[in-house]
Structures are given as structure tokens and as C-alpha cells.
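Worksheet: one structure, shown below.
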Number of protein chains: 4
Amino acid sequence: MSQLGEEDKRQKILKAAVKVFSQKGFHEAKVDEIAQVADVGKGTVYEYFSSKTELFQEMFKAGMDFYINNVKIELKPGLTAREKLTKMARLHLRFIVKYRDLARITLTEHTYFNEDFRKWTYESRARKIELIKQIIDEGITGGEFRSVDSRAAALAFMGALGSIFPPIVFSKEKASYKSLLEPIMDIIFNGLESK
Amino acid sequence: MSQLGEEDKRQKILKAAVKVFSQKGFHEAKVDEIAQVADVGKGTVYEYFSSKTELFQEMFKAGMDFYINNVKIELKPGLTAREKLTKMARLHLRFIVKYRDLARITLTEHTYFNEDFRKWTYESRARKIELIKQIIDEGITGGEFRSVDSRAAALAFMGALGSIFPPIVFSKEKASYKSLLEPIMDIIFNGLESK
Amino acid sequence: MSQLGEEDKRQKILKAAVKVFSQKGFHEAKVDEIAQVADVGKGTVYEYFSSKTELFQEMFKAGMDFYINNVKIELKPGLTAREKLTKMARLHLRFIVKYRDLARITLTEHTYFNEDFRKWTYESRARKIELIKQIIDEGITGGEFRSVDSRAAALAFMGALGSIFPPIVFSKEKASYKSLLEPIMDIIFNGLESK
Amino acid sequence: MSQLGEEDKRQKILKAAVKVFSQKGFHEAKVDEIAQVADVGKGTVYEYFSSKTELFQEMFKAGMDFYINNVKIELKPGLTAREKLTKMARLHLRFIVKYRDLARITLTEHTYFNEDFRKWTYESRARKIELIKQIIDEGITGGEFRSVDSRAAALAFMGALGSIFPPIVFSKEKASYKSLLEPIMDIIFNGLESK
DNA sequence: TATGAATGAGCATTCATTCAT
DNA sequence: AATGAATGAATGCTCATTCAT
């Protein structure tokens, strides 16, 4: 129970960090406020994370992993490449809507801390691209897609997908997301598919 | 000469701001360093800009305007929609390569300052989208493109284009940009064009 | 003990503030020095007072209240008006000598901060005048004093009393205060003119 | 004319200094503003005064001298001591009302600059006291006044006189000054006690 | 002589981090 | 383990002063 309690507290702090960092950005977020939101003492934050920076990075990493798992999890074999990408796009959209704060951070914060973190971020992005690229390669191999540059295709897909985020998070036109995803995917698939 | 001298100093500060802000982000950038890079006294920065925040915003706005003009300027009438978009993509790429620092800022900083600036940023993004959308609409009207949702298409185009930025700026594979642009555009156009 | 400790620290800072402010005035006094004199960290000052200005005002108010209480406390009923005023003058003198620094501030600083503080200062002065005026009114009612304008008399008394301050604080003739108070009071009570 | 022009400019600056210093105090007053009010360039201030501090001191000294001359000027021989003091009090009152700003400074600013200035201020005060003391001594010698401690009497007189200033300058009861001076003087001359 | 653009020393304030309890 | 009072390094900004014109 003590162990669970600890894990609990760590989680509480991470959740508070997501909320506060996502709303204020790294520098405007104060450790004091995170501690308050987490309902723990300020010193306690430092029991679990050695610094504000480390807290941010841990949270960021956890968020990214969570995102990737979220998006990956339902990509069961047996689906066509198009089905997989469509599923992925829907999961991406769902993630943004459901974990708005987390999404805001993992998708927009670009704070530079140190080489290690930069590397990790870069590699994390690479993992996402690789995931998409593999599906596209499957599609190509299976004759479903044209024989395009699969890395370029993955970038285009990810970029197009990413363009949905700002309209959702920053504007008020809340109704439109779903109606935005379909046509965007339509263009990408039309571009990818063999005629 | 005095007038030129003044403009010169303002410009020097803006250039230094681009460099420092782009490399460190808003909060890590120190006014001291910007002044040093601009080779002026710290107080001089405050002669031309009332605060660090105002300096950032001025620089950001100037950068955005510069980008849009850069990208808009060669879109002469008489070109097909595809030619226009291709041209735009090439100009985007050229901008990124030529004005690396400026691009890094205008394309990635998302610091929140105040509602006015948020609005300006949002509207600036909207201007970019509108520009693309109009070209796509022309293409649809002229029978060049399929009858797609032109706003969605503009988002997809802009997103795909945007996905080229990180590989260029953050990785070392400098050779690849040109070879990346073609296939990405290929997919978008295949998606857009009527068969 | 913790509570006492806190009160202790706040008090230490207030005492240091009296010393430093009184010797240098508001603007020449540096928060750094106050902290040093109080033997606390600079940040600690801001734990107890939200700003240098607030610290000054708190200190000033506390000093004024302390002065009034000091002067008021021994004015027991049963004394004649003349005895009361004499007592008050002696207490005033004692206060100046004993709390030199505090006196220097409460009696000479006239820094304008904001309307609230101005008002408070004004009202505080008014309280002092009122206190004196009442005693004079008693004296008039009791036939001890002539039927003078009691407010004007209070001002004259206070002004005359105040004129002792500079010779005491700014000159070196330390011996003379006591010998100065008597004749000044004598004039207030008996006037200049020969009958 | 050039010489007059210079003198003119110096005077303009001094007048502006009186206005600005008196309204804001030494530290809140900005050289920039003084220059603007004087309608000269900022650099010009430094042509006539070596520093802000020197400007203040010059202005203060000039103001004090002006006050003393103002108050001294009509004390023609042939008047009784009481007449002289009454005249002096009226002139004091007139000075306050007419040269409100200058009065505010010469009578309330207590900024510490350096030993020389402190000394000058102290001596200036001493001059005022001496002036009064001499008149009182005359009064005593001539049998007009009781044989009081003339220095103490001078202090009391000056203090009582000084007590009129705050009600005039800081409160709104503009009507009352004249009606305040008479009873205050009455007390100084006749004392509080019924004979 | 007059100017005001340029300067940088100086300071109030913030906030991540520590550590005694 | 948990806390939050205490700390001081770090920085944006002001403004008296200088000096080239």
C-alpha cells in the first residue's frame, strides 16, 4: 500500500504537471502551482523528480509513450494499410480531443533543454514516422498503394494529420473536427493509392 | 544618414533578436545577449522596443510578413494551380534554408503573451491557409483538381509542407531536402488532381 | 516556537527597515541592505512583505501607532490640562531620544506612494491633533486656559513641540534637549508678551 | 543678449526643477521631465548643472535664499517686535500660498546627499532661527516681551508657524489659512493660560 | 552652445531548490 | 517520507550621464 501510495503521488504530480505545463508552457509554469494542483507539498515534488526540468521531461516522455501506445494499440494485423492509417488518424483525433492538455504539450512544446532530451524528442518523432512508414510499405508491397517514397509519404501523412490540431485546440469551431478528418484523409489516400 | 543610421540600429536589433530567440526560445533568450549580438548597449534595445515581449512580437510579426511576402511574390497569374502550389512549396523550402533562424521561430514558437498577439498569430495562420485555399479553388474551378473540400486540402497541403521543416533544421541530413519535397508534393497532387 | 520564530523574523525585518530607511530615506535604502541588517536572506523579506513599498508603509504605520500609544498611554484622568500637555511633551521628547531612528522617519519622511497611504498619513496626523485639541478643550472648559481657538492652539503646540526634533537629531548639542523643552512649553502656556 | 539668454535658460531650468521636484520629490523626478518642462534638451541641463543632485541643491539653496529674502525684506526698523513677527508670519503665509511648489520643497524635502549639503541646510535653518531670535531679543530688551529664553522662543515661533503648512497644502480647506494664522499667533504672543 | 541617441551601472523582484523539522 | 520557510542567483528594466554632431 505504501508502494501504491508512492506511485499514486508520483502520478498525481505528473497529472498536475500535464495540466499546468500545457496551459502555461514550461517557463510560466511554477513548481509551486504544480504542487498545489497535485495537492502535495512543494518539497514533495523534489522527492520524486530531481528538478523542474526533469519533471517536464519525464512528463513529456510519458505523454509521448502514452500517445504512441494509444495510437498503436488497435492496429491489429489483418487490416488493410488504408484501414490501419484511417484507424490511426481517428485515434490521433480522439487523443487530441480526450487528452487535450497532454496533446497540446506533446505536439507543440519545443523547449530546448539539453542534447539528450533533444535526441529523445527527435527519436520519438522518428518512431512515429517509422510506424507510419511501415504501414505504407505494407500497402505498397500489397499493391494497395502506388510505389511512392514511403518516408516522404509518412511525413506527408503525419504533417497533414498534424494540421488538424490547431483548428481544434485554438479555435472555437468545435463541431468541425470530424468533418475535417475525412476530406484530409481522402486527399492523402487518393494521392497514395494506385488507380 | 541619421535616418538610415536609426533604421540600421533597429534592424540590427531585430536581426540579433531573430538569432537569439530562435536558438534559445523566448524565455531562455536574455536581453543582454541580444544587445551583445546586435553590438549595442542594453539600454539601446529599450530605445527601440518598449520591452522584451514587444521586441519578440515585432520580430515575429515582421518575420511572418516577410515569409508571406516571400512566398506570395512570385505567384504571378497565368500559372496553373499546380504550378503555383509547386512554386509555393519551393519558396517555402528556400525560405527555410535561407532564413533558418527566422523560420525556426515563425514556424515553431507558440508562446502565449496576450489575446491580441494570439489573435494576430491565428489570423496570420488563417491568411496562409486562405492563400493556399484560393489557389486550390482555382484549380477546382479550372478542372485541374477534383472537387475536394478546399479548406481541408489547404490544411493537408500546409501540413505536409510543414513536415519538411524538422528534418531540415534538426537533423544533419542536409542533402535530402530537395529529394524530399518532390515526393511529398507528388502525393498531395496525386490526391488532388482529377484522374 | 515556530510561531514566535515567525513573529521574530518579521520583527527583525521591521527593525532593520526602521534603521535603514531612517538613515537613507526610502529611495536610497536598498532591500539588500535591509535584509543584511536583519540578518535574513533577501528573499525572506519578500516572504513577509510583498514589496519594498509595502515594507515601508507597514513599518511607518507601526511606528506611528507606536508613537501615539507611547504618548497616549500615560495621560490618565485626574491631571490638569497643563499637566497632560506637559506629560505629552516629555513623552514626545523621550520617544525622540529613545527611538531616534523611528522618530526620524515618522516625523520627517513625506514620500508619496498612493492615495491610500497619503490618506492614512493625513488621518494619522489628524488623530494627533485631535488628541491635543481635546486636552486643550478640557482646559478651556475647566477655566484653566483662555477661550482660544482650540484647533489652532493644537497646531501651535504640535508645531512648537516638533521644532525640538531637528536640534536633537541633527546637531551634536545632546545635552540641551531637556533645557529646551521647558522654555518652549513655557511660551506656549504663558506667551511671549509681558502682561 | 547672449549672456541674458544663458541666464534665461538657467532660470528656466531652475523653475522647471522647482515644479517637478516639488511634485515628485527628488528620486521620482526625472531629468528628462525637467528638461521637457524647461523646454530645453536633456543635454542642456548638464551644461548648466553638473548633475541632478547639484541641480536640486542649487534650486534648494536658491529657494531658501528667496524665502529668507522674501520674509526679511519688509522688516523695516521702527516696528515693534510683535509687529515684525506678525509681518513675518504673514509673509510666510503669503510665500506658501504664492510659491506653493517652492514652499513644498524648502519646507519638507529632507533628502540626504552629502555632508556639505546637510551643513548648508542646517545653517540655513539656523539663519532663520537667528533672524527670529534677534527680533525676540529686541522685544525683550525693549520690555515688550517677557524675559524668556529667546532661542527656545524662536524655535517655538518657527514651529508654530510651520504647523500651518500641511493644512494649507495637503487639505482642501483652502478658505481657512488666514483664519488660522491669527489664533496661532495669538497663542504665541499671549499663551494658553488664563491670567 | 545645444542636443538627444546611446549607454550600462544598479536594483526590485521572482522562483527553483534546499534542508531542518 | 513529507513539508514549506528560507534562500540568493539571475534578469528585465530604468534613468543619470556622456559625447558625437
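Letters A, B, ... mirror the listed sequences (proteins, then strands); counts begin at 1. For the numbers below, each heavy atom of this structure counts, side chains included, while hydrogens, waters and symmetry mates do not.
- For B/R125, the side-chain contact (heavy atoms from CB on, under 4.5 Å) criterion is met by A/P166, A/P167, B/I129, B/L155, B/M158, not counting sequence neighbours.
- Judged by distance alone with a 3.5 Å cut-off, a donor-acceptor contact links the side chain of C/K42 to the base of E/dT13.
- Note that CE of A/M59 is 8.5 Å distant from CD1 of A/I34, once rounded to the nearest 0.5 Å.
- The salt bridge (charged side-chain N to carboxylate O under 4.0 Å, His left out) test applied to D/K30 returns no partner, not counting sequence neighbours.
- Listed by chain and residue number, D/F21, D/F56, D/F113 satisfy the ring pair (Phe, Tyr, Trp, His ring centres under 6.0 Å) test with D/F26 (two or more places apart in sequence, or in another chain).
- Rounding to whole angstrom units, NZ of residue A/K24 and C1' of E/dT14 are separated by 15 Å.
- Distance, B/R10 CZ to E/dA6 C1': 17 Å, rounded to whole Å.
- A/F49 meets the ring pair (Phe, Tyr, Trp, His ring centres under 6.0 Å) test with no other residue; sequence neighbours excluded.
- Side-chain proximity of D/T44 to F/dT3, E/dT17, E/dT3: nearest is E/dT3.
- Less than 4.0 Å separates DNA chain E from at least one heavy atom of each of the following residues of residues 49-62 of chain A: A/S51, A/K52.
- A distance-only check finds no donor-acceptor pair linking the side chain of D/K61 to the backbone of D/S124 [under 3.5 Å].
- Taking a 4.0 Å limit (strictly below) on heavy-atom distances, residues 26-41 of chain B reaches DNA chain F at B/A29, B/K30, B/V31.
- Judged as a ring pair (Phe, Tyr, Trp, His ring centres under 6.0 Å), and not counting sequence neighbours, D/F165 has no contacts.
- In this structure, CD of A/E47 is placed 5 Å from P of F/dA1, rounded to the nearest angstrom.
- Residues meeting the side-chain contact (heavy atoms from CB on, under 4.5 Å) test with C/Y99, sequence neighbours left out: C/F66, C/N70, C/F95, C/L102.
- B/E33 meets the salt bridge (charged side-chain N to carboxylate O under 4.0 Å, His left out) test with B/K24; sequence neighbours excluded.
- A straight line from CD1 of A/I13 to C1' of F/dA2 spans 11 Å, rounded to a whole angstrom.
- Annotation: salt bridge (charged side-chain N to carboxylate O under 4.0 Å, His left out) contacts of C/K42 (sequence neighbours excluded): C/D32.
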Intra- and inter-strand pairing of DNA chain F, written as dot-bracket with Watson-Crick and G-U pairs under 3.5 Å and | for the latter, reads .||||||||||||||||||||
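- By the salt bridge (charged side-chain N to carboxylate O under 4.0 Å, His left out) test, B/D65 is found to be paired with B/R127, residues two or more places apart in sequence or in another chain being considered.
- Toward the 5' end of DNA chain E, the nearer of the two residues C/G43 and B/G43, judged by each one's closest nucleotide, is B/G43.
- Distances were taken from every side-chain heavy atom of A/Y46 (C-beta onward) to each of E/dA16, E/dA6, E/dT1; the shortest belongs to E/dA16.
- Taking side-chain N and O atoms only, A/Y48 has a distance below 4.0 Å to OP1 or OP2 of F/dA2.
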